[in-house]
Amino acid sequence: MADKFYDHPSGRKRVIGITGTNGKTTTAFFLKHLLEQQGYGVSMIGTIYNEINGIQYPTPNTTPNAEKVHELIAASKDDFIVIEVSSHGLVQYRLEGVVFDYALFMNLQHDHLDYHKTMEAYFEAKATLFDKLKPDGKAVVNTDDAWGLKLAQRLVTKGTAVITVGHLEDAVMSIKKMTNQAITLDISGMVVTLDPHMPGEHNLYDIAMAGAVIQDLGYPLADVTEQMRSFAGVPGRYEIVHLRNGVHCIIDYAHAPEAVSSILTSMHKDGAERITHIFGFRGNRDATKRDEMISASTGQSGHVILTTDELNSIPEETMRQEYAEYQQKYTGIHKIDVMMDRTLAIQRAVNEAREGDWILVTGKGHEKYKTAYALPAASDKETALYLKNT
């Protein structure tokens, strides 16, 4: 009904959808940047904000409801609309009637199983995005991800045009080399090295996926390499606050084990020797990944501080008791402390840090606090900046 009310707006516009457990936001922002560098106007619907015709609007969730999505697409006067597509949005029919010119599959990692129950169901939810491609639409799929490879094979069988990105020799964009800063791609025999000045292997995958769209639109990546370096980054995604005494604090939204592990690996490659990792669990959310989160963190950080994320109606004492169980489980193996006030946990890490130490704060990223804490700050970044200046 919304699609018809707004006269089928996605069918009249160029729409790009991005789905995956991790990387949707960074890829959306990076793709927007590169399209704008080619002279296009770009609207964006996603996690941090919706931007239509250059005006930013707050958003309560990654993918709005169907009525709002069609309204936003219809309101856009821009050339492209980039949409972050969540699995919840797909199974709750928020994207009914929307058709896409490109659909990107980033990865599928352990998350949201409180909702989807199994990884197979989670995958099938993500896969429904690719049923919404226009007749001449194309899929861009990360085949280094096992679920992505499965999806690519399924789409090829169905006759869908697929641009594969990964280390496979026959990938359309075959990855030949990755460092912490650069990625080398073979595109139909043309070898291109991209050095976007964005540290982290996870970011390089995002860049390669966005680059696949740009390349397919007729803009060779070799010609846009310099444009990549002017990218300002994404709020709450590997944001670095340089504290005093050579201490670095990274703020990131990571909330899945693989994402945490990837960021910690990147930090070590960037020169971090001692890392304190601060994070927490969300109440009423996927509890099956919590052991994996602890293992990912303790495997690469010397000190872990478990703290409040969002309690979501779960009593703080209940969460504290669960944290205490993890402390007991890892006694004598890893140093795990519990501080339920998130701002004081960050303060402790800063106060205890020696020159050259790194601090990682994950889970909230760009999000504002919903809980009142001791320090006068409304987000992790504000907390870090407050401690830097006091």
Side-chain angles (χ1 to χ4, degrees), residues 16-31 46-47 62-63 82-91 100 102-113 115-116 118-130 138-156 160 162-168 171-175 178 180 183 185 194 198-213 234 236-238 252-266 286 288-289 292-293 295-296 362-363 365:
I16 302 171
I18 305 170
T19 198
T21 307
N22 295 307
K24 294 188 295 296
T25 302
T26 300
T27 305
F29 270 78
F30 193 70
L31 188 50
T47 304
T62 297
T63 308
V82 178
I83 305 177
E84 291 183 52
V85 179
S86 69
S87 57
H88 290 69
L90 287 163
V91 299
F100 294 85
Y102 291 94
L104 281 61
F105 182 92
M106 308 301 300
N107 49 61
L108 194 79
Q109 299 168 356
H110 188 163
D111 203 9
H112 302 306
L113 296 193
Y115 186 85
H116 297 290
T118 67
M119 289 296 291
E120 188 68 35
Y122 185 23
F123 168 73
E124 293 298 341
K126 295 285 192 188
T128 60
L129 169 62
F130 299 84
K138 296 180 181 180
V140 181
V141 181
N142 171 16
T143 51
D144 281 353
D145 181 274
W147 295 100
L149 182 60
K150 177 178 178 176
L151 176 65
Q153 292 167 342
R154 176 188 293 185
L155 293 173
V156 168
T160 303
V162 183
I163 302 169
T164 50
V165 179
H167 283 84
L168 294 176
V172 175
M173 290 182 59
S174 181
I175 298 172
M178 292 181 77
N180 201 45
I183 182 170
L185 301 164
L194 307 178
M198 286 177 64
E201 184 177 286
H202 54 293
N203 283 328
L204 294 177
Y205 272 105
D206 301 343
I207 286 158
M209 295 288 286
V213 176
V234 184
R237 304 303 190 273
Y238 209 87
D252 197 273
Y253 187 61
H255 53 278
E258 295 89 345
V260 167
S261 180
S262 178
I263 289 168
L264 287 167
T265 298
S266 294
D286 188 358
T288 63
K289 69 178 181 181
E292 293 178 45
M293 292 282 287
S295 295
T362 61

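The first residue in the sequence is number 1, and the count goes up from there. The shown structure was predicted, so the numbers you read here are calculated from the model rather than taken from an experiment.
- At least one donor-acceptor pair under 3.5 Å links the side chain of Asp144 to the backbone N or O of His167.
- With 3.5 Å as the limit, one finds no donor-acceptor pair spanning the side chains of Glu84 and Thr63.
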Discussion item. Using the rule given for side chain to side chain contact (heavy atoms under 4.5 Å, CB included), can you reason through Leu185 versus Leu194, listing the C-alpha separation, both sets of side-chain angles and the distance that settles it, and then say yes or no?
Written reply: CA-CA 8 Å; Leu185 301 164; Leu194 307 178; 3.9 Å; yes

Item to complete: Under the side chain to side chain contact (heavy atoms under 4.5 Å, CB included) rule, what do Tyr253 and Thr362 come out as? Steps first, then yes or no, please.
Response: CA-CA 5 Å; Tyr253 187 61; Thr362 61; over 6 Å; no

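- A distance-only check finds no donor-acceptor pair linking the side chain of Ser174 to the backbone of Ala171 [under 3.5 Å].
- Between Lys126 and Glu120 there is no salt bridge, since no side-chain N of the basic residue sits under 4.0 Å from a carboxylate O of the acidic one.
- Of all non-hydrogen atoms in Ala254 and Ala259, the two that sit nearest each other are CB-CB, 3.8 Å.
- Minimum heavy-atom separation, Ala212 to Val165: CB-CG2, 4.1 Å.
- Note: Leu168 CG to Thr143 OG1 = 4.5 Å, rounded to the nearest 0.5 Å.
- Formation of a donor-acceptor pair under 3.5 Å by the Ser266 side chain with backbone atoms of Ser262 is found in this model.
- The structure places CD of Glu124 at 10.5 Å from CG of Leu108, a figure rounded to the nearest 0.5 Å.
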Discussion item. Let's go through Leu104 and Thr19 carefully: what are the C-alpha distance in whole Å and the side-chain angles of both, what is the deciding distance for side chain to side chain contact (heavy atoms under 4.5 Å, CB included) to 0.1 Å, and is it a yes or a no?
Written reply: CA-CA 6 Å; Leu104 281 61; Thr19 198; over 6 Å; no

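- Counting only heavy atoms from C-beta outward, the side chains of Arg154 and Phe130 never approach each other to under 4.5 Å.
- Distance check: Ile183 CD1 to Asn203 CG gives 11.0 Å after rounding to the nearest 0.5 Å.
- The minimum heavy-atom distance between Val260 and Met293, with the atom names listed, is CG2-CE, 4.0 Å.
- For Asn107 (side chain) and Thr21 (main-chain N/O), a donor-acceptor pair under 3.5 Å exists by modelled atom type.
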Item to complete: I would like to know whether Tyr238 and Thr26 meet side chain to side chain contact (heavy atoms under 4.5 Å, CB included); could you show each step before the answer?
Response: CA-CA 10 Å; Tyr238 209 87; Thr26 300; over 6 Å; no

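- For the side chain to side chain contact (heavy atoms under 4.5 Å, CB included) with Phe105, the lone residue among Val85, Asp145, Leu129 that qualifies is Asp145.
- Judged by distance alone, the side chains of Thr27 and Tyr205 never bring a donor and an acceptor atom under 3.5 Å apart.
- Taken to the nearest 0.5 Å, the CG atom of Asn22 stands 8.5 Å off from the CG atom of Asp206.
- Separating the CD atom in Gln153 from the OG1 atom in Thr164 is a distance of 10.5 Å, to the nearest 0.5 Å.
- The NZ atom of Lys24 lies 9.5 Å from the CE atom of Met106; values are rounded to the nearest 0.5 Å.
- A salt bridge is absent between Lys289 and Glu258; no separation between the charged side-chain nitrogens and carboxylate oxygens falls under 4.0 Å.
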